[in-house]
Amino acid sequence: MGGYFVPVIPQGVSTEPMEPTPSRQGRYDFNRIEKRWQKFWQDNKTFAAVDGDASKPKYYVLDMFPYPSGQGLHVGHPEGYTASDIVARYRRMKGFNVLHPIGWDAFGLPAEQYAIETGTDPRVSTQANIDNMRRQIKSLGFSYDWDRELSTTDPGYYQWTQWIFLQFFHHYFDETEKKAKPISELPIPTGLSEEARLAFIDEHRLAYEAEVAVNWCPALGTVLANEEVIGGVSERGNHPVIRKPMRQWMLRITKYADRLLEDLAEVDWPPSIKKLQADWIGRSTGAEVDFKIEGREDSIRVYTTRPDTLFGATYMVMAPEHALVGKITTPEKQAEVIAYREQAARKSDLDRTDLAKEKTGVFTGAYAINPVNNEKIPIWIGDYVLISYGTGAIMSVPAHDERDFEFATAFDLPIIPVVDPPQPEDQAMVRQGKQCFTGAGTAINSGEFDGLTTAEFKKRMTQWLTDHGLGHEAVNTKLRDWLFSRQRYWGEPFPILHTEGGRIVALPEDQLPLQLPHVDDYKPSGSGEPPLSKAHDWVHVTMPDGSQATRETNTMPQWAGSCWYYLRYIDPKNGEQAWDTEKEQYWLPVDLYIGGAEHAVLHLLYARFWHKFSYDLGLVSSKEPFKKLINQGMILGEDGQKMSKARGNVVNPDDVIKSYGADSLRLYEMFMGPLEATKPWNMQGVEGVHRFLQKAWRLIVDEDRGGLLDTVQEIQADETTLRRLHQTIQKVTRDTENFAFNTAISAMMILVNHLGKLKTRPHAVLESVVLILAPYAPHIAEELWALLGHSQSLAYEPWPQFDDQLAREKEVELAVQVGGKIKDRIVVAADADEDLIRATALASEKVVSALAGQAPKKVIVVKSRLVNILV
RNA sequence: GCCGGAGUGGCGGAAUUGGCAGACGCGCGGGAUUCAAAAUCCCGUCCUGGCAACAGGGUGAGGGUUCGAGUCCCUCCUCCGGCACCA
């Protein structure tokens, strides 16, 4: 990288020299300049990325594409977009073939909500919102390749979202190869009936239907994913959510849990985001253990991460929904158990997870046998045990698990300590069963295993269980399969048919896209029947054999379209396939992905999942889609509060652009502070960076007459100016590469302040200034570049090189401390050696008087920093 | 409760990662220019004392390591974000 190259102006560029904007009085007329250059870039397709250009290294800079809301942009959006645009423009000047696209994540609830309220077709409102947001985004001068613009709602796009779904449907996960394979290669046990064979196949598809207890939100009329439920209420709108069994489409993301976890090591993401993902996947290793039910042949299987505490299991708890509950409950406990189960089913997730509440449960009347010591222990049901995790049943070790301890205390169940804590101060209470201890220690009350450490005991017990056929090692994840259907209108229809015989069949690929039908009524039915079920003509289909079938009426969640949009950008118009694999090999992976931290888990996990699946199918060549990830921070209102319409503190970029221009807005967004930080808006700060641009303008332009100032001349820069220029190029280069845009701008301000003091200004220095400013404030830079006599866009001009020698200071000022306190400052040559520095420091009058005749014990010299004299 | 991140002037923030705390910008004060204003330019602006030179203090609180700590270690406080009975 680096070196020299011929600047390339993309095809279609105008050969007409660009004349500087004729401007009365030559003032910095940002509105005029910005419109003019935006038009130029558009007309000349200045930022068109060239597929497969082997003459340059490629660089793919991606923004998280926006939802086109009716509110339009707020100033939070341009923060990430400006950062990525600076990188894109900088990389072009560095000689990269840059792909920098934008599009619209346009399916989703707000448009549908609006449709329900007003009867407006979401296609219409969505298009209007896209048009408005496109206008806004264009007014910021981002260097997107607009020819690659896409919308997830476009049938030409969602055709391929549906196609990918079909691939999930047509594949299974091979456990030995740990990858997806065609369902036709699924090994099927022999001797199955036709019906059983088909059921076996359906059970292995990566996209499958299941009757699951889902998060049903009556207010929204839809099922929500676990991730969309925050603390028992819907993420959107804070409506209560209850559990309800429903037929749903699922994607088997859990099969990819290990790979999603392992491959985090490959990506350059903030460690905190990686950890969030790892915690979300929540992989744990433990053991599954079978507990015989007294007087029956069945046993209850539990999952535990602490097989070493088996001797302390004094009772068991099953989730209320557990299949065995009905079978094992004794007649006298029947009524109580049924009542409890009904109560639990009616509870919302909020009721069930509220921390403040007491543990509840009822005894089933049945007993199990602890396999390690043959003790008889009671079997309870309780809603603190989740049906969806592990086996839906637990062994309770109240001495060593907080939740079990609470439950045991509430119902007066026995507590047997089996782990002796290492801290002496905890031992007495724990040994008496009065305190719960969840850490590692030494085994007690565990028969032959006494004295083992927790870690050792875990291994030994797992082996013992295996040897005796009572259990085995097991792995669990918190990650659940992805609930992939929604009872909404405004989403991708599933390319699936339900036959008269109750079979599920895939729509042939040549019938894609399956278009979303027009309907008159967007309201959910309230019972869970999706709006599409009302599109009678669309739903009912006659099959080639004359039989009847109905279409799937659920739609896909909003995440679907955003799972693969970064792949469509590389080949957005392809009608034959989702993307061309050669283009994929050229452009992928995404080199830099910028977006909000709110997508740290869901979007990024889902997209990684689809990418890995595509990898198994040979559709992509990299394991991970996004090499480097940066989260921009939130921008707060001027009052330091989160921006919201209700608070009335929303800042609209349109207004800022009107008063100060897009360059000022861009610059301010970057100058506010570190990209990742949360920071409050301040309109006076915009004014500040605007003044800086004014100064830069007046450095070059004669405001009275227009055109170049007479003071701009073809002269040699003086030594100081040259040094400051090279220092600035160095700093701006380094800071831009490190995404430290705020300090890069600060460095440019310092340089411009210096140049402003010069009576005559070297033309060549000003050119460099304009070039390093260009990624940050591209419009004014283009205009000044033209004024400096250039006839073509600077977008592909080589980035100025800095010269280390020229940037170096000749003299440096050092602080001289006596006993750590600064007494004087000395100036020495930058290359002065330690002896000279020491001698100069000791010769200082102030130092001599501070020493007051004492001989220095030691003199510490830190070159170009300070001298510390110890007495 | 658990897991992250952060606390630096009146404000946003900077500090080459252990070496002169407060760069740059905002705000504020003073001055120049102007009939006047806007704009622009110059000077000042961490706190305390002093007319000043200067002296002392200072990066959420307390302790520690070090010649030297905003930066490293321990304890605590506050704010922000995430998770939330995952056995």
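Letters A, B, ... are given to chains in the order of the sequence lines, protein chains preceding strands, and every chain is numbered from 1. These numbers come from a predicted model, not from an experiment.
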Taking for each residue the nucleotide of RNA chain B with the nearest heavy atom, is it A:Lys821 or A:Met634 whose nucleotide lies nearer the 5' end?
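Result of the comparison: A:Lys821.
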Select from A:Gly688 and A:Val862 the residue whose nearest nucleotide in RNA chain B is closer to the 5' end of that strand.
A:Val862
Do NZ/NE/NH1/NH2 and the carboxylate oxygens of A:Arg306 and A:Asp308 come within less than 4.0 Å?
yes
In whole angstrom, what separates [X]'s [atom1] from [N]'s [atom2]?
X        : N     : atom1 : atom2 : answer
A:Glu288 : B:A87 : CD    : P     : 13 Å
A:Asn682 : B:G10 : CG    : C1'   : 12 Å
A:Lys679 : B:G12 : NZ    : C1'   : 10 Å
A:Gln684 : B:G25 : CD    : P     : 15 Å
A:Leu751 : B:A23 : CG    : P     : 18 Å
A:Arg825 : B:A21 : CZ    : C1'   : 11 Å
A:Ile750 : B:C24 : CD1   : C1'   : 6 Å
A:Arg283 : B:A87 : CZ    : P     : 13 Å

With respect to the side chain of [X], which nucleotide from [options] is positioned closest?
X        : options             : value
A:Leu870 : B:C67, B:A14, B:A84 : B:C67
A:Asn868 : B:C20, B:G4, B:G19  : B:G19
A:Ser746 : B:C20, B:G4, B:C24  : B:C24
A:Arg698 : B:A87, B:U40, B:G19 : B:U40
A:Lys757 : B:C83, B:G13, B:C42 : B:C42
A:Phe671 : B:C24, B:A21, B:G19 : B:C24

Judged by whether its glycosidic angle lies within 90° of 0, B:G27 is anti
Classify the glycosidic conformation of B:U17 as syn or anti, calling it syn when the angle lies within 90° of 0.
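Syn conformation here, the glycosidic angle of B:U17 being no more than 90° from 0.
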Output field dot_bracket for RNA chain B (Watson-Crick or G-U, both distances under 3.5 Å, | for other-strand pairs) contains (((((((..(((......[....)))((((((.......))))))((((....))))..(((((..]....))))))))))))....
Looking at every non-hydrogen atom in both residues, tell me the closest pair between A:Leu709 and A:Leu699 and how far apart they are.
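Where A:Leu709 meets A:Leu699 most closely, the heavy atoms are CD1-O, 3.7 Å.
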Rounded distance in Å between the [atom1] positions of [N] and [M]:
N     : M     : atom1 : value
B:C20 : B:U71 : P     : 13 Å
B:U65 : B:C73 : C1'   : 7 Å
B:C54 : B:U75 : C1'   : 39 Å
B:A37 : B:C11 : P     : 31 Å
B:G58 : B:G68 : P     : 15 Å
B:G9  : B:G27 : C1'   : 12 Å
B:C85 : B:G70 : P     : 43 Å
B:A6  : B:G12 : C1'   : 15 Å

Contact class for [X] vs. all strands (heavy atom < 4.0 Å): base, sugar-phosphate, or nothing?
X        : answer
A:Glu676 : nothing
A:Pro271 : nothing
A:Ile394 : base
A:Lys275 : sugar-phosphate
A:Lys695 : sugar-phosphate
A:Lys823 : nothing

May I ask you to decide if the ring planes of [X] and [Y] are parallel, tilted or perpendicular, using 30° and 60° as cut-offs?
X        : Y        : result
A:Tyr384 : A:Phe407 : tilted
A:Phe411 : A:Trp380 : tilted
A:Phe739 : A:Phe741 : perpendicular

When you compare the side chain of A:Asn742 with that of A:Pro674, does any pair of heavy atoms fall below 4.5 Å?
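Result yes, sub-4.5 Å side-chain heavy-atom pair found.
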Has A:Asp481 got a side-chain atom pairing as donor or acceptor with A:Thr254's backbone, closer than 3.5 angstrom?
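Indeed, once roles are kept as given, a pair shorter than 3.5 Å links the two residues.
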Say whether, by atom type as modelled, one donor and one acceptor occur between the side chain of A:His322 and the main chain of A:Ala393 under 3.5 angstrom.
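Not at all, since once roles are kept as given, no pair shorter than 3.5 Å links the two residues.
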If the cut-off is 4.0 Å, is [X] near the phosphate of [N], judged by side-chain N/O to OP1 or OP2?
X        : N     : value
A:Arg691 : B:C41 : no
A:Tyr389 : B:A87 : yes
A:Asn753 : B:G25 : yes
A:Asn742 : B:A14 : yes
A:Ser284 : B:A87 : yes

Centroid-centroid distance, A:Tyr668 to A:Tyr660, less than 6.0 Å
no
Got a donor-acceptor pair under 3.5 Å from the side chain of A:Lys359 to the base of B:C85?
yes
Non-neighbouring partners of A:Thr454 that pass side chain to side chain donor-acceptor pair (under 3.5 Å), sequence neighbours left out:
none
